[in-house]
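Working notes for the structure below.
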Protein chains: 2
Amino acid sequence: MTGRTTVSRERAERATLVDVALAAQVSRQTVSNVLNNPGKVSPATAAKVRFEIDRLNFRPNLAARSLRQRKANALGIELNATGRHRLGNIQDSFLVELTVAAREQDAHIITFAVEDYLEPISEYERLLATQMVSGFVLTNTRHDDPRPAWLRAHEVPFVSFGQVWDDPAFTAWADVDGGSGIAQGVRHLVAQGYAPIGYLGWPPGSPVGDDRRSGWVSATTDLGIHDPALQEVPPQDLPAAAAAVRSLLERVGNGGAIVCASDTLAFIAFQVMRDQGQRPGTDIGLIGFDDTDFAQEFGLTSVQQPLAEIAQTLLTYLTGAESGAVAPSRGVLFDPAVIPRRSTDHRSTDRARPAHKPVTTDPAGSRTQDGDSS
Amino acid sequence: MTGRTTVSRERAERATLVDVALAAQVSRQTVSNVLNNPGKVSPATAAKVRFEIDRLNFRPNLAARSLRQRKANALGIELNATGRHRLGNIQDSFLVELTVAAREQDAHIITFAVEDYLEPISEYERLLATQMVSGFVLTNTRHDDPRPAWLRAHEVPFVSFGQVWDDPAFTAWADVDGGSGIAQGVRHLVAQGYAPIGYLGWPPGSPVGDDRRSGWVSATTDLGIHDPALQEVPPQDLPAAAAAVRSLLERVGNGGAIVCASDTLAFIAFQVMRDQGQRPGTDIGLIGFDDTDFAQEFGLTSVQQPLAEIAQTLLTYLTGAESGAVAPSRGVLFDPAVIPRRSTDHRSTDRARPAHKPVTTDPAGSRTQDGDSS
DNA sequence: GCGTTCGATTTGAACGTTCAACCTGAGTGG
DNA sequence: CCACTCAGGTTGAACGTTCAAATCGAACGC
């Protein structure tokens with residue numbers, strides 16, 4: 001605006017490779033190599049260059065890099081815009097972990113949303129054609145999923161949170177070992193003294209649901225307490241679901257417990273129990289799956305998925321694909337962990353309260369660590 | 001693969017501007033103009049060019065555009081990675097709507113996550129310096145928010161979901177009229193025949209909380225049924241919160257109703273009521289705020305924010321900034337809507353169920369079935 | 001008839017980076 | 001001594017687009 005020194009270019013803009021090169025008295029390419037091929041440059045020059053990079057606060061322009069390399073440095077992830085959100089959507093937490101992991105690997109996450117079932121393909125085309133993304137992260141995979149096939153056919157890099165069922169050759173996926181999670185839940189309940197152990201799940205046919213049920217079957221069988229009658233698959237309709245759950249609760253009886261395929265199911269049970277004056281934990285044990293906000297808020301023991309680890313692993317497959325580190329020979333199953341809360345605690349503080357005011361939660365509720373027992 | 005016509009370049013790669021120009025027998029720039037300055041090109045040529053664009057399935061390379069224009073075509077949005085997620089995070093739904101709106105305006109949404117309170121600034125710097133984003137969408141604004149000031153100082157375009165309190169000059173924000181939403185809730189309850197109407201809110205001092213409370217005050221006052229005693233601010237500690245809610249429920253009494261500043265608060269009330277054998281809707285009306293998955297799942301009437309509209313409006317400010325359409329002279333408040341469900345329905349199906357527990361009008365008297373005197 | 005304006009289109013250059021090829025000098029082996 | 005390699009470094013060119021300026025006719029005003 002006012003006084004200006006006409007000597008040097010007086011723009012307040014960002015430093016470029018050339019600026020750094022000039023300052024460090026080396027060539028563009030050497031600066032570039034310091035960043036991308038550190039082995040190719042002598043320690044002395046590297047230090048000099050790095051000094052100037054810091055001093056000038058240089059950051060490579062990713063648009064330029066992307067243009068030259070013909071390759072974006074972002075990954076697309078689909079948010080399901082299909083109307084109603086699922087209860088305590090696990091996907092939201094995964095997105096956060098993915099974003100965190102992406103920063104560590106110098107990648108970025110770009111969201112896109114589709115309404116229709118087949119639409120993701122056209123969205124893939126758009127994002128790839130405009131060179132906004134170089135690959136994708138899939139979630140909610142299912143049988144007969146058209147996405148992996150398309151991506152493979154077009155040689156688009158991708159990874160999947162959830163097994164890719166239809167293509168055994170594709171191994172860049174990671175998933176949670178749901179069966180193991182449920183089995184851990186069963187063992188936890190038994191260790192706490194609950195018996196028998198019932199199961200509340202989804203209709204057979206879905207891979208995830210079948211997997212989780214198998215955990216209940218195998219764990220109870222191993223412990224010699226399996227009873228096929230102690231399971232229930234509540235229908236979609238909420239009142240009908242409540243009735244089904246009520247029936248299961250009766251069959252299990254006081255002192256027993258129920259493991260559920262999801263926190264949502266567990267919460268239906270939670271509600272039904274309270275309606276009947278039964279106290280979760282004290283009277284009947286209850287375990288959910290996913291460790292949603294719900295569970296944290298209301299003291300529901302739940303099976304927690306290691307989302308951060310999964311996100312990190314998946315991204316390594318994608319970003320490491322060039323650096324030689326490739327996907328493993330088979331998909332990876334991560335072992336979830338049971339997070340114990342009041343709903344599986346016989347000595348729940350509910351009992352300590354004056355009986356005329358059965359209380360929803362315990363004093364340690366807002367704190368994550370239980371600490372006082374053990 | 002095998003036979004090749006050496007005449008033309010036989011790469012199977014994407015068509016570029018030049019490819020289209022060659023095919024349509026015009027210059028690069030004309031093709032570019034067809035896309036970006038449709039007014040500058042004659043209808044005849046435009047048609048010819050568009051035909052070739054379709055035929056060759058041309059999509060502009062956004063990396064190249066971004067490089068030349070010195071401006072990214074994506075917006076950053078912060079996901080709060082700070083440990084525990086809030087219950088039924090409204091932000092997740094907003095992100096979906098934002099993503100949808102972005103596609104319509106040829107923008108993209110890039111997520112980033114920060115752990116620390118002040119860290120967003122450094123993340124802003126990184127994303128801007130690398131030219132990944134051209135601006136930001138803020139959420140969860142608060143008093144003494146350092147972000148708007150920094151962004152303004154650095155002339156970075158941004159919009160905000162939530163009023164920007166500290167800077168009256170900044171008007172590119174949109175928010176929900178919480179007071180109006182609560183007032184609508186009050187009127188809905190009264191229309192359904194509930195009285196009196198209590199309020200369950202947050203401690204005074206937060207702008208959002210004060211706004212919502214004021215809706216209750218004004219609506220009840222207008223209807224001549226205001227009673228300052230019928231409000232409660234439950235403490236963080238959950239058991240204490242439950243006690244406070246219980247007290248409020250007693251003061252309101254059967255036939256009355258409670259509007260809550262959030263679904264989370266409503267759900268605490270929901271739990272307490274069921275613990276006491278009261279049926280939401282049938283005995284006491286209950287309204288939440290945010291229309292989370294919770295509310296949908298459990299039949300809680302709730303105040304729904306018009307997130308899609310807000311997202312679209314905000315993006316218009318950002319993308320339209322160049323096309324002349326600027327932000328309004330003041331921030332915009334959107335009117336939310338009450339979504340009626342069972343919790344405000346006197347004739348709720350709950351009534352049809354056998355009342356397993358007697359309604360406890362006398363809290364000290366009846367007890368639940370545990371009956372043990374520890 | 002001639003300078004002027006204007007619409008429509010073209011051309012050269014540039015955005016900032018990395019690829020591919022090239023250069024240089026010192027060390028190596030015979 | 002010569003051919004060769006090799007580490008370290010440089011240079012021209014290119015990625016695909018848009019900006020800024022130039023070109024070209026045709027229409028216009030006087």
Side-chain angles (χ1 to χ4, degrees), chain A residues 9 11 13-50 52-53 56-74 106 128-132 134 322-323, chain B residues 9 11 13-50 52-53 56-74 106 128-132 134 322-323:
Chain A
R9 47 178 177 177
R11 50 170 190 156
E13 301 179 13
R14 291 213 61 83
T16 71
L17 263 191
V18 178
D19 296 327
V20 176
L22 251 47
Q25 295 179 311
V26 295
S27 70
R28 308 187 301 279
Q29 187 63 35
T30 299
V31 180
S32 174
N33 283 337
V34 168
L35 295 175
N36 305 322
N37 307 78
K40 292 202 169 195
V41 67
S42 79
T45 8
K48 195 169 52 177
V49 169
R50 262 190 254 279
E52 292 297 338
I53 287 179
L56 298 173
N57 193 24
F58 165 77
R59 298 296 191 100
N61 183 320
L62 293 185
R65 172 180 292 175
S66 179
L67 173 60
R68 177 64 246 230
Q69 292 190 145
R70 299 160 144 278
K71 151 178 184 317
N73 33 38
D106 278 316
L128 290 168
T130 57
Q131 201 162 127
M132 279 304 293
S134 60
E322 299 119 25
S323 60
Chain B
R9 45 179 176 178
R11 50 173 189 154
E13 301 178 14
R14 290 213 61 83
T16 72
L17 262 191
V18 178
D19 296 326
V20 176
L22 249 48
Q25 295 179 310
V26 294
S27 69
R28 306 187 304 277
Q29 186 62 37
T30 299
V31 179
S32 174
N33 283 337
V34 168
L35 294 175
N36 306 322
N37 307 77
K40 290 202 169 192
V41 69
S42 78
T45 356
K48 196 169 50 177
V49 169
R50 260 189 256 278
E52 292 298 339
I53 287 179
L56 298 173
N57 193 24
F58 166 76
R59 299 296 191 100
N61 183 320
L62 293 185
R65 173 180 291 174
S66 180
L67 173 60
R68 177 64 245 231
Q69 291 189 144
R70 300 160 144 277
K71 149 179 184 317
N73 33 38
D106 279 315
L128 291 167
T130 57
Q131 201 163 127
M132 279 303 294
S134 60
E322 299 117 25
S323 59

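The sequence lines fix the lettering, A, B, ..., with proteins before strands; numbering per chain opens at 1.
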Starting at CD of Q25(A) and ending at C1' of dT10(D), how long is that distance when rounded to a whole Å? 15 Å
From CG of L67(A) across to C1' of dC19(C) the rounded distance in Å is 13 Å
Where the side chain of R68(B) is concerned, which of dG16(C), dC15(C), dT11(C) is the nearest nucleotide? dC15(C)
Could you please name the option among dT17(D), dG8(D), dT17(C) that lies closest to any side-chain atom of S42(A)? dG8(D)
Heavy atoms under 4.0 Å, any strand shown: does T30(B) hit a base, just sugar-phosphate, or nothing? base
Using atom types as modelled and distance alone, determine if a side-chain donor or acceptor of R65(A) lies under 3.5 Å from a backbone N or O of K71(A). no
Between dT18(D), dT17(D), dG16(D), which one does the side chain of S32(B) approach most closely? dT18(D)
Please answer whether the main-chain N or O of N57(A) pairs with a side-chain N or O of R14(A) as donor and acceptor at a distance below 3.5 Å. yes
Tell me which of G39(B) and A63(A) sits closer to the 5' end of DNA chain C, going by the nucleotide each one is nearest to. G39(B)
Does a side-chain N or O of N61(A) approach OP1 or OP2 of dC15(C) to a distance below 4.0 Å, or not? no
To the nearest angstrom, how far is N37(A) atom CG from dT18(C) atom P? 9 Å
Taking atom C1' of dT11(C) as reference, at what distance in whole Å does atom CG of L22(B) sit? 15 Å
Report the distance from atom NZ of K71(A) to atom P of dT18(C), rounded to the nearest whole Å. 11 Å
Take I53(A) and L35(A) through the test side chain to side chain contact (heavy atoms under 4.5 Å, CB included) and record every step on the way to the result. CA-CA 10 Å; I53(A) 287 179; L35(A) 295 175; 4.0 Å; yes
In Å, rounded to the nearest 0.5 Å, how long is the span from NZ of K40(B) to OG1 of T30(B)? 11.5 Å
Base dC19(D) paired with Q29(B) side chain (donor-acceptor, <3.5 Å): yes
Check this for me: does the side-chain of R28(B) come within 3.5 Å of the base of dT11(C) through a donor and an acceptor? no
Which one, dG9(D), dC15(D), dT9(C), comes nearest to the side chain of S27(B)? dT9(C)
Any chance NZ of K48(B) has more than 12 other-residue heavy atoms, nucleotides or ligands included, within less than 6.0 Å? yes
With a 3.5 Å distance limit and no angle check, can you tell me whether N37(B) reaches the backbone of G39(B) through a side-chain donor-acceptor pair? no
Distance check needed: dT23(D) P versus K40(B) NZ, whole Å only. 18 Å
note: L17(B), atom CG; dT17(D), atom C1'; distance rounded to Å ~ 6 Å
Side chain of T45(B) (C-beta onward), nearest among dG16(C), dT17(D), dT9(C): dT9(C)
Closest to the V26(B) side chain: dT9(C), dT10(C), dT18(D)? dT10(C)
Is the phosphate of dC15(C), meaning OP1 or OP2, less than 4.0 Å from a side-chain N or O of R70(B)? no
Spacing of L62(B) atom CG relative to dG16(D) atom P, expressed in whole Å: 13 Å
Among the nucleotides dT10(D), dT10(C), dT18(D), which one has an atom lying closest to any side-chain atom of N33(B)? dT10(C)
